[in-house]
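Since the structure comes first, as structure tokens, the remarks are kept for the end.
So you know, we letter chains A, B, ... as the sequences are listed, proteins then strands, and number each from 1.
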Amino acid sequence: MGRTLQFEIFRYNPMDPNSKPRMQTYYLEEKENMTLFLALNEIRETLDPSLQFDFVCRAAVCGSCAMVINGRPGLACKTKTKDLPDKITLHPLPVFKLIGDLSVDTGIWFRGVAKKIEAWVHTNKTFDPNALEERMDNELANQIFELDRCIECGCCIAACGTARMREDFLGAATINRIARFYIDPRDERSDQEYYEVIGTDEGVFGCMGLLGCEDVCPRNIPLLDQIGIIRRKMAIASTGGKVGRLFSVFAKKKK
Amino acid sequence: MQTFYTDLLCIGGGLAGERVAVEAAQAGFDCIILSLVPPRRSHSCAAQGGMQAALGNCAMGEGDNPDIHFEDTVKGSDWGCDQEVARLFADTAPIVMRELAFWGVPWNRVVPGPATYFKGGQKFEVYEKEEKAGLITARAFGGTAKWRTCYTSDGTGHCVLYTLDSKVLELGVKIHDRVEALSLIHDGENCFGVVARSLRTGELLVYFAKAVLIATGGYGRLYKHTTNAVINQGTGLILALDTGIVPLGNMEAVQFHPTGIVPTDILVTEGCRGDGGTLLDKNGYRFMPDYEPEKAELASRDVVSRRMTEHMRKGFGVKSPYGEHLWLDIRHLGEKHITTKLREVYDICQNFLGINPVHELIPVRPTQHYSMGGVRTNKDGAAYGLKGLFAAGEAACWDLHGFNRLGGNSLAETVVAGRIVGAKIVEFLKGYEVDIKTQYATAEVKKQEERINELKSKQGRENVYQLRNEMQEIMMEKVGIFRNEKDLQEAVNRLQELLDRSKNLGLVSDGIGANPELAEALRLPGMIKVALCIAYGALQRKESRGAHYREDYPYRNDKEWLNRTLAYWEEGADLPTLKYEPASKVFYLPPGDRGYGEGKVIPKDDNTEEKE
């Protein structure tokens with residue numbers, strides 16, 4: 001304790017014609033158990049009430065507060081100042097539309113890609129309120145939950161080389177979302193139907209394998225595995241399943 | 001002025017708002033959701049524990065049915081709930097859980113064979129039946145006779161919210177996120193819509209709708225220490241209160257959760273205790289069985305919170321720079337259980353406390369958690385006083401919870417009420433036409449513009465953050481777990497002063513665009529009014545019921561107080577006007593003993609014996 005922290009924060013208010021993008025410096029006394037959530041609120045309340053940033057749950061489950069912290073995307077709410085040097089530089093996430101200062105429009109972006117991949121359970125059945133639920137193996141429920149844990153904070157998108165180069169890239173979170181529906185038996189889409197929404201360069205074949213996504217994921221979701229699995233499934237689907245049978249023959253021989 | 005027209009306008013994009021929207025959209029109605037944040041970031045996503053529904057699939061839930069769920073709920077409410085609503089809720093909950101499963105929620109399922117569980121630190125074994133394999137399973141929560149809480153590990157709220165949001169997307173419901181409703185447009189009889197402010201650009205927007213739903217969640221941020229998200233400022237309640245004709249019900253009923261962590265007030269789920277976690281004092285002694293021999297850590301939340309506070313007052317609290325606390329012990333559950341079924345708890349401990357709960361104790365204390373009160377509605381979810389206005393979820397006083405709600409009942413309420421109220425709104429909308437009187441919108445816009453210009457003019461001298469902090473401290477210190485005449489009167493007086501001072505707010509910053517200081521300044525006077533409804537309602541209620549505990553009136557008084565407070569705010573007033581109505585039109589379960597807690601009751605009928 002006893003440190004004076006120097007914050008360098010990106011400032012720009014697009015709604016103010018006189019505002020120009022710039023870095024602004026603030027100094028704050030560090031306190032015990034201080035997080036960037038506490039620090040940024042203290043700056044707003046005592047030094048600069050115009051400072052824009054987004055927090056909701058402040059418990060690392062809602063995905064609102066992702067920003068670039070000393071060059072690395074992360075959740076501000078769970079970043080402790082004691083883990084950072086005296087000088088802390090904060091930028092808004094790239095890729096997403098800037099609302100102002102550290103606030104970006106991740107909500108609209110994720111809605112857009114969810115619509116593209118039709119991120120919901122596709123079924124021809126209708127719900128029968130009088131029937132028992134369809135049974136599911138608990139292990140499978142847990143596997144779906146593992147992939148459903150993504151909080152769409154946008155860190156993996158901001159850290160993605162492909163997303164920086166091509167605006168239409170769906171990104172790791174979206175491919176993981178597909179993987180979640182892919183393993184869910186309630187979603188009746190065929191491999192071919194999945195192929196149509198994700199078997200492209202803007203989808204799973206656009207990934208350059210730079211690994212940034214998994215490095216920065218605050219939920220530790222195995223994004224690379226999921227991209228790998230979906231890419232393989234989609235490659236098989238693109239051949240109408242023929243290569244898939246070949247793969248499975250190889251797989252058996254290996255054992 | 002950008003103006004939007006729709007059939008149903010849902011204010012709030014959490015579980016309740018989205019579930020209602022799904023119902024309306026499925027029936028073919030046009031629907032817009034207004035939300036302060038992208039819907040998936042709503043506070044619903046933070047709910048870890050689960051949803052109560054009497055499915056009776058798991059071994060410890062065997063023999064469960066909606067009757068038992070109903071009884072648990074009424075007892076939990078300390079007979080303050082509307083029993084017709086509790087009945088409706090308990091009957092519908094199982095269907096809603098199955099429907100959510102159908103839509104994609106990965107509920108945990110029954111695994112047949114022998115299973116090991118913990119209760120109060122003790123291991124025991126049960127046998128999960130083969131015939132139930134793969135059906136939705138449940139865990140234990142406080143105040144229930146059976147294991148009834150459906151869950152997806154410790155991410156129930158998250159999973160259900162994402163599933164509902166996927167339905168909303170599929171059905172083409174329009175999402176207007178980062179928009180804050182500032183006031184209702186109405187003519188004293190019909191509700192026509194809202195005037196709102198964009199939190200992207202700062203501009204004012206007008207929404208016209210045949211039906212308006214308030215589903216904005218709780219008001220935890222009126223308190224200094226709350227588990228609630230920072231957006232839970234009671235904004236929807238302010239909309240209703242400002243009409244002068246729509247009352248808020250039972251605002252003095254405020255729940256404190258036994259296990260908020262110290263110092264950041266983040267909740268660790270009741271699942272910890274449900275799964276066998278215990279509470280320890282500064283000597284490492286498990287004290288709850290001394291106070292509550294039968295239910296121990298799993299008595300209802302109001303009781304556990306009071307017992308913890310009582311124990312700390314006796315000098316058994318652990319001192320810390322952030323005040324006294326107790327310990328939550330889940331070490332005996334083992335690493336596998338903690339890192340899978342309670343992983344969120346594990347993560348919170350690691351991220352915010354820097355401790356490992358597999359080996360270390362978790363510092364906890366009772367923390368403001370839930371608002372039983374809210375916009376008073378009938379059992380269809382229709383708000384009192386204005387046609388076309390509805391409310392659901394935590395923002396509503398439907399009234400499922402009375403003076404205390406059971407863990408797992410609120411998360412379930414969001415979707416169960418969402419389904420029921422949604423269906424009633426669909427009924428309401430069919431063939432309904434309303435003459436939208438635009439002059440009321442014009443007047444309301446003008447009023448909001450004037451407020452904004454006045455704040456921007458910087459003539460006021462009061463600082464918004466300072467006033468807000470003062471309000472939060474008053475609420476925490478004077479309107480908390482233990483209440484009394486002197487403190488409550490002082491709270492009311494000081495809140496009235498704050499309300500007066502809030503007329504003189506001025507901005508420090510320029511207020512241009514999506515300025516956060518301006519947004520806070522626009523909310524604050526309304527927040528103080530809501531706080532006054534809580535404090536004044538608590539001052540007037542001279543009894544102890546559920547979470548409302550008066551040290552000077554320790555008995556539950558069914559003779560005089562088996563009723564619900566209705567708080568109205570007349571224009572220009574500096575206090576709410578309180579009225580009362582019977583707690584329930586029907587009493588399927590007559591007032592009696594809860595079976596836990598202090599249990600002192602002044603009965604409704606003088607002829608019956610006083611129950612201890």
Problem set entry | B/Arg41 and A/Thr106: side chain donor to acceptor below 3.5 Å |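 Yes, A/Thr106 and B/Arg41 have a side-chain donor paired with an acceptor closer than 3.5 Å.
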
Chain A contact via [X] - which portion, at a heavy-atom distance below 4.5 Å:
X        : result
B/Asp177 : side chain
B/Val96  : neither
B/Asp347 : side chain
B/Thr264 : backbone
B/Asp265 : both
B/Glu203 : neither
B/Pro94  : neither

Problem set entry | Criterion salt bridge (Lys or Arg N to Asp or Glu O under 4.0 Å) on A/Asp105 and B/Arg200, from CA distance to verdict | CA-CA 9 Å; A/Asp105 218 333; B/Arg200 285 194 179 81; 2.7 Å; yes

Mark yes or no for whether [X], through its side chain, and [Y], through its backbone, hold a donor-acceptor pair below 3.5 Å.
X        : Y        : value
A/Arg58  : B/Val230 : no
A/Arg111 : B/Ile175 : no
A/Lys80  : B/Asn351 : yes

Problem set entry | Shortest non-hydrogen contact between A/Phe145 and B/Arg343, atoms and distance |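 For A/Phe145 versus B/Arg343, the nearest heavy atoms are CE2-NH2, 3.6 Å.
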
Exercise. Is there any residue in residues 16-24 of chain A with a non-hydrogen atom under 4.5 Å from a non-hydrogen atom of chain B, and which ones are they?
Worked result: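 The list, in residue order, reads A/Asp16.
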
For this session: Could you have a look at B/Lys132, B/Gln48, B/Glu344 and say which one has the most heavy-atom pairs with chain A under 4.5 angstrom?
Result: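 With the most close heavy-atom pairs to chain A, the winner is B/Glu344.
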
Exercise. Is there side-chain contact between B/Val37 and A/Phe55, with heavy atoms separated by less than 4.5 Å?
Worked result: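 No, every pair of side-chain atoms sits at 4.5 Å or beyond.
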
Exercise. Is chain B contacted by the side chain of A/Phe53, its backbone, both, or neither, given a heavy-atom distance below 4.5 Å?
Worked result: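 Neither; nothing under 4.5 Å.
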
